[in-house]
S.K.: 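Pasting in a structure now, in structure tokens, and then I'll have a few things to ask.
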Amino acid sequence: MTKPIQIKNLTIGAGIPKICVPLTGTTREKICQEAEDAKKAAADLVEWRADFFEELMNPEACQNVLEALAEILGETPLLFTIRTSEEGGNITISLEDYAACNINIAKGKKADLVDVEVMSNSEEKKKLVAELQKEGVKVIASSHDFHKTDSQEVLLNRFREMEKSGADILKMAVMPHGFEDVAAIMEATNAMRQECEKPLVSMAMGSIGSITRISGENFGSGITFGTVGAASAPGQFPIGELRSLLDALHEKNEEDELKQ
Ligand SMILES: O=C1C[C@@](O)(C(=O)O)C[C@@H](O)[C@@H]1O
């Protein structure tokens, strides 16, 4: 059974999946504009996809953006993510620089959550997760396969490996090539929630997978990524449509609960 996590006023891992809006701007100005738009659109949380930022390797520039974001976002939680090119992102970065950037962010005390790609260099990543948590942030362990979807059993084992990182939330994205792949990630997530208390997040990308972005309440995914401006991965819905679809499904689920 999932034990929800509270971040500011947001509960992750219970009820309607929370909508996370990615910011993909390349400059401070564009990132801040996107954050204003996300806030206006009532995002539940916001992800700064810092692998798009042209000054990522400058710690002061990063702190500067973080301070501006904290000011704009107020009580809306902020997730900091460096998505590496190995996992579908925008930057090739050494393990040392990856760790240093993430630690710099956590020390700034403005981000609430940090994403760590735990499936590569897993021993070092485990230490990084612990170090980040010591600085007071929650860590989302993540894994992305932009090419394919492994079998349900392999995906479940991947979740189990990710749990060993000690992260607070586990997130997995895969690329489906047919409905059986979509079913595999949903079923692996559903199975993992029976054996793990951590909130889970999962999605099948692309148009075939978009059903996973609205039905997380039913199979156990606690966050869904929706757009205000640019998408950060294929298959994401605009926030307005996403909110209506999540609400409609939630109402149906409640009707069923009343009948039981
Ligand atoms: O991990 C994820 C999930 C994601 O890849 C998606 O498919 O919605 C989008 C990314 O921005 C985020 O970091």
S.K.: Show, in sequence, the C-alpha distance, side-chain angles and deciding distance for Phe237 and Ile239, and conclude whether the side-chain contact (heavy atoms from CB on, under 4.5 Å) test is met.
M.R.: CA-CA 6 Å; Phe237 289 93; Ile239 190 169; over 6 Å; no
S.K.: Looking at Val46, Asp112, Leu45, which one forms a side-chain contact (heavy atoms from CB on, under 4.5 Å) with Leu73?
M.R.: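 Looking at Val46, Asp112, Leu45, the match for Leu73 under the side-chain contact (heavy atoms from CB on, under 4.5 Å) is Val46.
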S.K.: Let's go through Met192 and Leu170 carefully: what are the C-alpha distance in whole Å and the side-chain angles of both, what is the deciding distance for side-chain contact (heavy atoms from CB on, under 4.5 Å) to 0.1 Å, and is it a yes or a no?
M.R.: CA-CA 10 Å; Met192 186 65 180; Leu170 314 178; 4.0 Å; yes
S.K.: When rounded to the nearest 0.5 angstrom, what is the spacing between CD1 in Ile140 and CG in Leu200?
M.R.: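 It comes to 11.5 Å.
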S.K.: Do Phe219 and Ile185 make a side-chain contact, defined as non-hydrogen atoms from C-beta onward lying under 4.5 Å apart?
M.R.: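 No; the side chains remain at least 4.5 Å from each other.
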S.K.: Heavy-atom count around Glu153 CD within 6.0 Å, excluding the residue itself: above 12?
M.R.: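 No.
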S.K.: With heavy-atom distances below 4.5 Å as the criterion, would you say the side chains of Val116 and Tyr98 are in contact?
M.R.: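 Yes, side chains in contact.
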S.K.: Can you tell me how far apart CE (Met172) and OG (Ser202) are? Round to the nearest 0.5 Å.
M.R.: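 Here the interatomic distance stands at 7.5 Å.
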S.K.: Taking the side chain as everything from C-beta on, heavy atoms only, tell me whether Glu195 gets closer than 4.5 Å to Arg160.
M.R.: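 In short, these two side chains touch, coming nearer than 4.5 Å.
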S.K.: Tell me whether Met186 is reachable from Ile214 by hopping between hydrophobic residues (I, L, V, M, F, W, Y) whose side-chain heavy atoms are closer than 4.5 Å.
M.R.: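 Yes, one cluster joins them.
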S.K.: Between Lys8 and Asp44, is there a side-chain N and carboxylate O pair less than 4.0 Å apart?
M.R.: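 Asp44 and Lys8: not salt-bridged.
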S.K.: Flag yes if more than 12 heavy atoms outside Glu124 fall under 6.0 Å of its CD atom; otherwise flag no.
M.R.: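 More than 12 within 6.0 Å, yes.
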S.K.: Walk me through it: do Trp48 and Leu79 pass the test side-chain contact (heavy atoms from CB on, under 4.5 Å)?
M.R.: CA-CA 6 Å; Trp48 178 20; Leu79 161 64; over 6 Å; no
S.K.: At their closest point, which heavy atom of Leu242 faces which heavy atom of Gly226, and how far apart are they?
M.R.: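 Looking at all heavy atoms of both residues, the closest pair is CD2-CA, 3.6 Å.
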S.K.: Which distance, rounded to the nearest 0.5 Å, do you find between the SG of Cys62 and the CZ of Arg28?
M.R.: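 The SG atom of Cys62 sits 12.0 Å away from the CZ atom of Arg28.
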S.K.: Under 3.5 Å, side chain of Lys109 to main-chain N/O of Ile105, donor-acceptor pair present?
M.R.: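 Side chain of Lys109 to backbone of Ile105: no pair is present.
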S.K.: Can you list the steps and then say if Lys134 with Glu131 is a salt bridge (charged side-chain N to carboxylate O under 4.0 Å, His left out)?
M.R.: CA-CA 5 Å; Lys134 238 191 273 160; Glu131 242 179 290; over 6 Å; no
S.K.: Measure from the side-chain N and O atoms of Thr149 to the backbone N and O of Met175, and report whether any donor-acceptor pair falls under 3.5 Å.
M.R.: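 Answer holds: yes.
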S.K.: From Ile12 CD1 over to Lys3 NZ, what is the distance, rounded to the nearest 0.5 angstrom?
M.R.: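 Going from CD1 on Ile12 over to NZ on Lys3, the span is 16.0 Å.
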S.K.: Establish, from distance only, whether the side-chain atoms of Gln236 and Thr227 form a donor-acceptor pair under 3.5 Å.
M.R.: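 No - no donor-acceptor pair under 3.5 Å links their side chains.
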S.K.: Is a side-chain N or O of Arg243 found less than 3.5 angstrom from the main chain of Ala42, in a donor-acceptor match?
M.R.: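 Confirmed, Arg243 side chain pairs with Ala42 backbone.
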S.K.: Measure the shortest side-chain to side-chain distance between Leu23 and Val228 over non-hydrogen atoms and say whether it is less than 4.5 angstrom.
M.R.: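 Side chain of Leu23 against side chain of Val228, heavy atoms only: no contact under 4.5 Å found.
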S.K.: Look at the side-chain heavy atoms of Ile, Leu, Val, Met, Phe, Trp and Tyr, link any pair under 4.5 Å apart, and say whether Leu10 and Val137 land in one connected group.
M.R.: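 They do not share one cluster, since no chain of ILVMFWY contacts under 4.5 Å joins Leu10 to Val137.
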S.K.: Between Ser122 (side chain only) and Val118 (backbone N and O only), is there a donor and an acceptor less than 3.5 Å apart?
M.R.: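 Checked: no pair found.
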S.K.: State whether the number of non-hydrogen atoms from other residues, nucleotides or ligands found under 6.0 Å of Lys252 atom NZ is greater than 12.
M.R.: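 Result for NZ/Lys252: open.
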S.K.: Give a yes or no on this: more than 12 heavy atoms of other residues, nucleotides or ligands lie within 6.0 Å of atom CD of Glu29.
M.R.: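 At most 12 heavy atoms, drawn from other residues, nucleotides or ligands, come within 6.0 Å of this atom.
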S.K.: Classify the side-chain pair Thr76/Lys39 by whether it contains a donor and acceptor separated by less than 3.5 Å.
M.R.: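 Indeed, the side chains of Thr76 and Lys39 share at least one donor-acceptor pair under 3.5 Å.
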S.K.: Under a 4.0 Å N-O cut-off, is there an ion pair linking Lys164 with Glu161?
M.R.: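 Glu161 and Lys164: salt-bridged.
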S.K.: Locate the shortest heavy-atom distance separating His177 from Ile208; write the atom from each residue and the value.
M.R.: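 For His177 versus Ile208, the nearest heavy atoms are C-CD1, 3.9 Å.
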S.K.: Tell me the closest heavy-atom pair linking Ile223 and Pro17, and the distance in Å.
M.R.: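 Closest approach of Ile223 to Pro17, heavy atoms only: N-CB, 4.4 Å.
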S.K.: With a 4.5 Å heavy-atom cut-off, do Gln152 and Glu187 have their side chains touching?
M.R.: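 Gln152 vs Glu187: side chains touch.
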S.K.: If you count every heavy atom of other residues, nucleotides or ligands that lies below 6.0 Å from Lys127 atom NZ, does the total exceed 12?
M.R.: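 Atom NZ in Lys127 is not crowded, with 12 or fewer foreign heavy atoms closer than 6.0 Å.
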S.K.: Using side chain to side chain donor-acceptor pair (under 3.5 Å), reason through Ser85 and Thr92 one step at a time and then give a plain yes or no.
M.R.: CA-CA 6 Å; Ser85 39; Thr92 304; 2.8 Å; yes
S.K.: Decide whether Ile103 and Leu95 are clustered together by the hydrophobic rule: side chain heavy atoms of Ile, Leu, Val, Met, Phe, Trp, Tyr closer than 4.5 Å, transitively.
M.R.: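 In one cluster: no.
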S.K.: Glu87 vs Phe146, test: side-chain contact (heavy atoms from CB on, under 4.5 Å). Steps then yes/no.
M.R.: CA-CA 7 Å; Glu87 301 218 16; Phe146 268 75; 5.7 Å; no
S.K.: Quickly, which of Lys171, Lys125, Lys138 forms a salt bridge (Lys or Arg N to Asp or Glu O under 4.0 Å) with Asp115? Name it, please.
M.R.: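 Result for salt bridge (Lys or Arg N to Asp or Glu O under 4.0 Å) with Asp115: Lys171.
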S.K.: If only side-chain N and O atoms count, and only distance matters, is there a donor-acceptor pair under 3.5 Å linking Asn64 with Glu60?
M.R.: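 No pair is found: no donor N or O on one side chain lies under 3.5 Å from an acceptor on the other.
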S.K.: Hey, quick one: are Ile16 and Leu249 part of the same hydrophobic cluster, counting side-chain heavy atoms closer than 4.5 Å, chains of contacts allowed?
M.R.: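 Looking at the clustering, Leu249 is in a separate group from Ile16.
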S.K.: Give a yes or no on whether the backbone of Asn104 and the side-chain of Gln63 come within a donor-acceptor separation of less than 3.5 Å.
M.R.: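 Yes, the answer is positive, given that a donor and an acceptor are paired below the 3.5 Å cut-off.
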S.K.: Output yes when a side-chain donor or acceptor of Thr27 lies under 3.5 Å from a complementary backbone atom of Lys30, and no otherwise.
M.R.: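 Checking the backbone N and O of Lys30 against the side chain of Thr27, a donor-acceptor pair under 3.5 Å is found.
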S.K.: Are His250 and Glu254 packed together at the side-chain level, in the sense that at least one heavy-atom pair is separated by less than 4.5 angstrom?
M.R.: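 Yes, close enough: below the 4.5 Å cut-off.
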S.K.: Should Met119 and Val139 be counted in the same cluster of Ile, Leu, Val, Met, Phe, Trp and Tyr side chains packed under 4.5 Å apart?
M.R.: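 Shared cluster, yes.
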S.K.: With distance as the sole criterion, is a donor-acceptor pair present between the side chains of Thr84 and Glu117 under 3.5 Å?
M.R.: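 Looking only at side-chain atoms, Glu117 and Thr84 do form a donor-acceptor pair, the distance falling under 3.5 Å.
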S.K.: Just checking, is any N or O donor in the side chain of Lys198 or Thr2 under 3.5 Å from an acceptor N or O on the other one?
M.R.: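 The answer is no; no qualifying pair exists.
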S.K.: So with a 6.0 Å cut-off around CD of Glu251, is the heavy-atom count from everything else above 12?
M.R.: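 Counting other residues, nucleotides and ligands, CD of Glu251 stays at 12 neighbours or fewer.
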S.K.: Can Lys107 and Glu135 be said to form a salt bridge (charged side-chain N to carboxylate O under 4.0 Å, His left out), step by step?
M.R.: CA-CA 6 Å; Lys107 283 190 188 293; Glu135 295 297 336; 3.0 Å; yes
S.K.: For Arg49 versus Pro22, what's the shortest heavy-atom pair and its separation?
M.R.: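 Taking every non-hydrogen atom into account, CG-CB, 4.4 Å.
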S.K.: Nearest 0.5 Å, what's the CD1-CG distance between Ile93 and Asn90?
M.R.: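 The distance works out to 11.5 Å.
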S.K.: Determine whether Asp150 and Arg158 make a side-chain contact, defined as any pair of heavy atoms from C-beta on separated by less than 4.5 Å.
M.R.: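 Of all side-chain heavy-atom pairs linking Arg158 with Asp150, at least one is under 4.5 Å.
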S.K.: For the residue pair Ser232 / Thr24, report whether a side-chain donor-acceptor contact shorter than 3.5 Å exists.
M.R.: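 On atom types as modelled, these side chains do not qualify, holding no pair under 3.5 Å.
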S.K.: If you compare all heavy atoms of Gly13 against all heavy atoms of Pro199, which two are closest, and at what distance to 0.1 Å?
M.R.: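 Looking at all heavy atoms of both residues, the closest pair is CA-CB, 4.1 Å.
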S.K.: What distance do Arg213 atom CZ and Leu246 atom CG have between them, rounded to the nearest 0.5 Å?
M.R.: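 If I round to the nearest 0.5 Å, the distance is 12.0 Å.
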S.K.: Return the minimal non-hydrogen interatomic distance between Ala35 and Leu69, and the atom names on each side.
M.R.: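 Residues Ala35 and Leu69, closest heavy atoms: CB-CD2, 3.5 Å.
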S.K.: Determine whether Pro238 and Glu241 make a side-chain contact, defined as any pair of heavy atoms from C-beta on separated by less than 4.5 Å.
M.R.: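 SC-SC contact between Pro238 and Glu241 confirmed.
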